K.L.:
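Following this message is one structure expressed as C-alpha cells.
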Amino acid sequence: MKAKELKPGVYWVGAIDWNVRDFHGYETPRGTTYNAYLIVDEQIVLVDTVKKTHSAELLQRISSVVDPSRIDLIVANHVEMDHSGSLPEVLAAAPKARVIASPNGEAGLKKHFHQDWPMKAVRTGESLKIGRRTLQFVQVPFVHWPDSMVTYIPEDRILLPNDAFGQHYASANLFDDQNSFGVVQFEAAKYYANIVMPYGPQVAKALDAIAGLDIDLVGPSHGVVWRSHFKDILADYRKWCAGESRNEAVVVYDTMWGSTEAMAKAVASVFEQRGIPVTMRSLKHTHASDVITDVMTARYVALGCPVLNLSMLPTVAGFLAYVKGLKPVRKRGLVFGSYGWDGRAIQEAEGILKGIGWEFPVPAQSVKWVPNSDDLGKLAASLEPLFG
Ligand code: FEO
C-alpha cells in the first residue's frame with residue numbers, strides 16, 4: 001500500500017473501504033475512502049487520519065514516503081471518527097507530533113479521546129509556515145459539524161476541505177477525471193443530500209470564504225480528488241445550498257394492501273399529464289438515503305402514508321424522521337394515504353413536513369379502505385392548486 005503523489009511533496013495516504021455499505025444509516029453501495037494527505041516540507045504534516053479500522057493502511061502508505069516518527073504536525077480538520085479515529089495509532093507512531101485543530105475541534109477531540117495530547121487551536125486567518133509552504137486555515141462551522149475547518153496550501157494551490165465536496169465512492173483511480181463524471185457527480189449529490197443538506201446557509205458562507213482562493217486541486221476527505229471538474233461541483237454546491245430544484249416530482253410511498261400505492265399512481269399520472277417528470281419511490285424497495293437524494297432536487301414531493309394501528313406505517317414514520325433532520329427546503333408537498341378506521345396519522349405526517357417549511361397548497365388527501373375509480377379521479381382533480 002503506497003502513497004500517491006498529488007504534486008511534488010504532497011501525497012494522498014488515505015484508505016479505501018471497499019466493503020462499507022452502511023454509514024450511520026446512509027447506504028453506501030460503492031463503498032468509500034477516508035482520505036488523508038501527507039505534506040513533506042521542512043516540517044512533515046499529516047492532514048486528517050482515517051477510520052480506526054484502517055489505521056494500518058494509513059501508516060503503511062505514510063511509510064512508503066517517510067518514517068511516521070518524523071511527522072511534526074497532524075491537522076485534524078474535523079473530529080468525526082472517520083477522520084480522527086486513527087489519531088491514537090498515528091500519535092503512537094509519531095511521538096513528537098502536535099495536533100492542530102479549530103477551537104471546537106480541540107474541545108471535541110478531548111471529549112472523544114480523553115487524552116492529553118499536545119494540541120494547538122487555530123482560527124480563520126491563522127497560518128503556519130512549514131518550510132517552503134504555508135498552511136492556511138479557514139473555519140467552516142457546520143459544514144457539517146461545529147468544529148469543521150479547511151486547510152489551504154497557497155504555494156501548491158491545494159484545498160483540503162475535509163467532508164465538503166466528498167463522495168462515498170471507493171475507486172482505485174484517485175482523480176475525478178479518471179472516473180465516470182456522472183457516477184462521481186451522483187455520489188457527490190447523494191453525499192450532500194445525506195450529510196450536508198441541513199446546513200445550506202453555512203455552506204453558502206463557506207463557499208464565499210473559499211471563493212477568492214486560487215485552486216488547482218481539491219482533496220476532500222471521501223472519494224476522488226477534484227482536478228478537472230471542481231468548477232462543476234462548485235456550481236452544484238451553489239444550487240444545492242440555495243435549495244434550487246428542478247421542475248420534477250417524486251412520489252414517495254409505502255403500502256399495506258395496495259390502496260396507498262393506487263393513490264400514488266393516480267398522483268404520479270397527474271404530474272405525467274402536465275409534462276412534469278415524476279419518479280416513484282416505494283420505501284419498501286428504495287433506501288431512504290437514495291430517496292432523499294431525489295427529494296433534494298425535485299420541486300414537488302408527494303408522500304403516500306398508510307395508517308397502521310392508528311399511526312403512520314413505520315417505514316413512512318422513519319423516512320419522515322430522516323427528512324425532518326435533513327430539512328430539504330423550498331418544496332411543494334402533498335400527503336395522501338388510505339386508512340381503515342381513523343385517518344389522523346395522515347394529517348400528522350403532513351404536520352411534520354409543514355414543520356420544516358414546506359408549502360401544502362392541497363390539504364392531505366385520504367381514502368377510507370380501498371379507493372375506487374371515483375376516489376382516484378377526485379384525488380387527481382384535487383391536485384390542481386399544487387400547480388398554481
Ligand atoms: Fe466524513 Fe463528518 O465525517
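Atoms within each ligand, like the ligands themselves, are counted from 1 in listed order. The structure displayed is predicted, hence computed values, not measured ones.
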K.L.:
Partners of R21 by side-chain contact (heavy atoms from CB on, under 4.5 Å), sequence neighbours excluded?
P.N.:
none
K.L.:
I want to know whether Y191 and Y169 have ring centres closer than 6.0 Å.
P.N.:
no
K.L.:
Could you go through S311 and N309, starting from their C-alpha distance and side-chain angles, then the distance that decides it, and tell me whether this counts as side-chain hydrogen bond (donor to acceptor under 3.5 Å, both in side chains)?
P.N.:
CA-CA 5 Å; S311 294; N309 299 329; over 6 Å; no
K.L.:
Should M197 and V295 be regarded as members of a common hydrophobic cluster, given that ILVMFWY residues are connected when their side-chain heavy atoms come within less than 4.5 Å of each other, either directly or indirectly?
P.N.:
yes
K.L.:
Looking at CG of N247 and CZ of F387, how far apart are the two atoms once the value is rounded to the nearest 0.5 Å?
P.N.:
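Result: 9.0 Å between the selected atoms.
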K.L.:
Are L303 and V307 connected in the hydrophobic side-chain network, where two residues link if heavy atoms are under 4.5 Å apart?
P.N.:
yes
K.L.:
For atom 1 (Fe) of ligand 1, which protein N/O/S atoms fall under 2.8 Å? Skip waters.
P.N.:
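You should have found D82 OD2, H83 NE2, D163 OD1, H222 NE2.
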